[in-house]
There are 2 protein chains.
Amino acid sequence: MSQEDMLKLENQVCFALYSCAKEMTKLYQPLLKHLGLTYTQYITMLVLWEHDRLNVKELGGRLFLDSGTMTPLLKKLESNGWITRTRDNQDERSLLIELTEDGAALKDKAKDIPLQLFCRSGLSVEEALALRSRMQEVLCRIQRFQSVAEADLDG
Amino acid sequence: MSQEDMLKLENQVCFALYSCAKEMTKLYQPLLKHLGLTYTQYITMLVLWEHDRLNVKELGGRLFLDSGTMTPLLKKLESNGWITRTRDNQDERSLLIELTEDGAALKDKAKDIPLQLFCRSGLSVEEALALRSRMQEVLCRIQRFQSVAEADLDG
DNA sequence: TATAATTAAATTGTATGCAATTGAAATGCA
DNA sequence: TGCATTTCAATTGCATACAATTTAATTATA
C-alpha cells in the first residue's frame with residue numbers, strides 16, 4: 001500500500017477500532033439510563049461486583065484509567081449512594097472503595113444487560129468470543145510495546 | 001455462559017474494544033506531538049487531506065462525531081492555522097472547512113505516521129487488514145441496529 | 001534516625017464526546 | 001406568498017480522558 005493510501009481514513013486500523021468502540025458503547029446508553037449509570041460508571045461497578053474493596057489504583061489498573069479519571073467518577077458513584085470511599089488504616093495513602101448495600105443490590109438490576117447488548121451487537125456467539133479474544137491479545141501487544149518504549153527512556 | 005459470568009469485566013466484548021482502542025490511540029501521541037495535533041485533530045486532517053472543502057456535517061459524518069465535538073475542534077485547527085472556516089454562499093447554514101497552505105503541507109510531515117504506528121501495534125499486515133475489516137463490519141451492524149431502534153421510536 | 005526516594009490520590013489544565021437545546025437559514029406545502 | 005417543518009452549526013451542560021503537577025504518606029537507605 002502506498003504512503004498516500006495509508007493516510008486514507010478508511011485504511012486506518014485505529015480509527016476503525018476507535019469508531020466501533022464508541023458506537024458500541026452508545027448501545028449501552030438506553031439500558032444504563034434505567035440504572036442511572038454511565039458506561040464508565042458501569043464498568044467500574046462490574047469490577048466492584050467481582051472484587052469489592054479495592055483501592056483507586058487497583059480499580060484504575062483493571063479499567064486502564066488513571067486517578068484523574070477515577071477520582072471524580074468515584075465521587076459521583078459515592079454521591080449516588082453506590083459506593084463508599086474510606087482511607088485505608090494500614091496505608092493512609094490508599095483509598096478503599098467498597099459497595100454499599102444499594103450498590104451491591106444494583107447488580108441484580110444489571111443482570112440482563114450483557115445479553116441485551118449482545119443482541120444489539122448483531123454478532124454471533126462465536127464472533128463475539130473471537131472478537132473479544134482478539135482485542136485482548138492486541139491490547140497485550142500494545143502494552144508490551146509501551147513497556148519497551150518506557151524502558152528505552154530509562155536507559 | 002451464566003448471567004454471573006457475563007457480568008465479569010474480562011468477558012465484556014465492548015470493554016475489550018474500548019480499552020484496546022484507547023491504548024492504540026495513545027500510541028499516536030508521541031508521533032503527533034511533533035505535528036502539534038491531537039488524535040482527533042489528526043483524523044480530521046486525514047479526511048481533509050483526502051477531501052478538501054467539506055462542511056461540518058459531512059466531516060462529522062465521516063468521523064462519527066457531532067457538531068458539539070466538531071465545532072470547538074475546528075476552531076482550534078483554525079486558530080492553529082491549518083484550516084479556514086467560511087459560510088457557504090449557496091447555503092448560509094453550512095460552514096465550509098478548507099485547508100490552508102500550511103494545512104495541506106502538513107500532510108507531508110505526517111506521511112510516515114501510519115507505518116510507524118503499524119510497527120508499534122505489533123500486528124502483521126494480514127492481522128491489521130483483517131482487524132480493520134472486522135471492525136468496519138461490526139460498526140456497520142451496530143449502525144443497522146441503531147437505525148432499526150430509531151425507526152421503532154418513530155412508529 | 002534523618003533524609004531521599006517512592007507511592008497513592010487529588011488537582012489542574014486541556015481536549016474530547018455526546019445529549020439536548022437554540023438560532024438562523026432553507027425548504028415544503030397549503 | 002405565508003407559515004410549518006427541516007436542516008445546519010453553535011451552544012450548554014455533564015462526563016470522561018489523560019498529561020503533568022502537587023500533597024501526603026510510606027519506604028529505603030545512608
Side-chain angles (χ1 to χ4, degrees), chain A residues 15 18-30 32-33 36-45 54-61 63-80 83 85-97 146 150 153-154, chain B residues 15 18-30 32-33 36-44 54-61 63-80 83 85-97 146 149-150 153-154:
Chain A
F15 175 71
Y18 156 88
S19 49
C20 188
K22 270 195 310 150
E23 295 305 305
M24 190 173 285
T25 302
K26 279 190 209 168
L27 292 177
Y28 279 92
Q29 216 224 352
L32 292 177
K33 201 157 57 180
L37 293 174
T38 63
Y39 179 72
T40 317
Q41 291 165 9
Y42 169 70
I43 59 176
T44 303
M45 294 301 287
L54 294 176
N55 65 36
V56 175
K57 187 182 177 63
E58 291 164 336
L59 204 43
L63 297 169
F64 301 97
L65 295 170
D66 73 0
S67 68
T69 303
M70 293 309 293
T71 295
L73 189 147
L74 292 169
K75 283 181 178 173
K76 182 75 185 175
L77 287 177
E78 182 186 42
S79 77
N80 288 345
I83 65 164
R85 300 162 66 247
T86 47
R87 287 287 159 186
D88 185 345
N89 285 332
Q90 257 60 53
D91 185 341
E92 289 283 338
R93 290 171 305 180
S94 285
L95 189 73
L96 288 179
I97 309 299
Q146 303 263 32
E150 277 173 36
L153 286 177
D154 292 344
Chain B
F15 175 71
Y18 155 87
S19 49
C20 188
K22 268 196 312 149
E23 296 305 305
M24 191 175 285
T25 300
K26 278 189 211 169
L27 291 178
Y28 281 90
Q29 216 226 350
L32 292 177
K33 202 159 55 179
L37 293 174
T38 63
Y39 179 73
T40 317
Q41 291 166 9
Y42 169 70
I43 58 176
T44 302
L54 294 175
N55 66 35
V56 176
K57 188 183 177 62
E58 291 163 336
L59 205 42
L63 297 169
F64 302 98
L65 295 170
D66 74 0
S67 68
T69 304
M70 293 308 295
T71 295
L73 189 147
L74 292 170
K75 283 181 178 173
K76 183 73 185 175
L77 287 177
E78 182 186 42
S79 78
N80 288 345
I83 63 164
R85 299 162 67 247
T86 46
R87 286 287 158 185
D88 185 346
N89 285 332
Q90 257 60 53
D91 184 342
E92 288 284 337
R93 290 171 305 181
S94 284
L95 189 74
L96 289 179
I97 309 300
Q146 303 263 34
E150 276 174 37
L153 286 177
D154 293 343

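The basis for the numbers below is simple: all heavy atoms, side chains too, and nothing from hydrogens, waters or symmetry mates. Labels below follow one simple rule: chain letters A, B, ... track the order of the sequence lines, proteins then strands, and each chain is numbered from 1. These numbers come from a predicted model, not from an experiment.
- Relative to the side chain of A/L65, the nucleotides C/dG17, D/dC18, D/dA10 differ in distance, and D/dC18 lies closest.
- With distances taken from any side-chain atom of B/D66 to the nucleotides D/dA9, C/dA19, D/dA15, the minimum falls on C/dA19.
- At C/dG17, none of the side-chain N or O atoms of A/K22 fall inside 4.0 Å of OP1 or OP2 (strictly under the cut-off).
- Closest non-hydrogen pair, A/I97 versus A/V56, comes out as CD1-CG2, 4.2 Å.
- As a whole-Å value, the separation of A/L32 CG from C/dC18 P is 15 Å.
- Mapped onto DNA chain D by nearest heavy atom, A/L73 and A/D91 fall at different nucleotides, with A/L73 at the one closer to the 5' end.
- When the C1' atom of C/dC18 is taken as reference, atom OH of B/Y18 falls 15 Å away, rounded to whole Å.
- For A/K75, a side-chain nitrogen or oxygen approaches OP1 or OP2 of C/dT11 to under 4.0 Å.
- Contact annotation for B/S94: backbone-only contact, meaning every heavy-atom pair under 4.0 Å involves sugar-phosphate atoms and none involves a base.
- Atom CG in A/L74 sits about 16 Å away from atom P in C/dA8, given to the nearest Å.
- One interatomic measurement links the two molecules: NZ of B/K57 to P of D/dC8, which rounds to 4 Å at whole-angstrom precision.
- With distances taken from any side-chain atom of A/S67 to the nucleotides C/dA10, D/dT7, C/dG17, the minimum falls on C/dA10.
- Of all the heavy atoms in A/L74 and A/R85, the pair that sits closest is O-CD, 3.7 Å.
- For B/T71 and D/dA9, a side-chain-to-base donor-acceptor distance below 3.5 Å is absent, hydrogens and geometry of angles not being considered.
- Rounded to an integer number of Å, the gap from CZ of A/R93 to C1' of D/dT27 is 8 Å.
- Considering only side-chain N and O atoms, A/R85 lies nowhere under 4.0 angstrom from the phosphate OP1 or OP2 of C/dA8.
- Of the candidates C/dA10, D/dA10, C/dC18, the closest approach to any side-chain atom of B/L95 belongs to D/dA10.
- Of all heavy-atom pairs spanning B/L37 and B/Y42, the tightest one is CD1-CA, 4.2 Å.
- When all heavy atoms of A/T25 and A/Y39 are compared, the pair lying nearest together is CG2-CG, 3.4 Å.
- Nearest-nucleotide positions on DNA chain D for A/Q90 and A/F64 put A/F64 closer to the 5' end.
- The interatomic distance linking B/N55 (CG) with C/dA26 (P) rounds to 14 Å, in whole Å.
- With hydrogens and angles ignored, no donor-acceptor pair closer than 3.5 Å exists between the side chain of A/T40 and the base of D/dA15.
- Under the 3.5 Å distance criterion, the side-chain polar atoms of B/Q29 are left unmatched by any main-chain donor or acceptor of B/K26.
- Put simply, CG on B/L54 is 15 Å from C1' on D/dA9, counting in whole angstrom units.
- Closest-nucleotide positions on DNA chain C for B/N89 and B/P72 were compared, and the one nearer the 5' end corresponds to B/P72.
- At least one donor-acceptor pair closer than 3.5 Å links the side chain of B/K22 to the backbone N or O of A/F64.
- Rounding to whole angstrom units, NZ of residue B/K33 and P of D/dC18 are separated by 15 Å.
- In this structure, the nucleotide among C/dT11, C/dA15, D/dA25 sitting nearest to the side chain of B/T38 is C/dA15.
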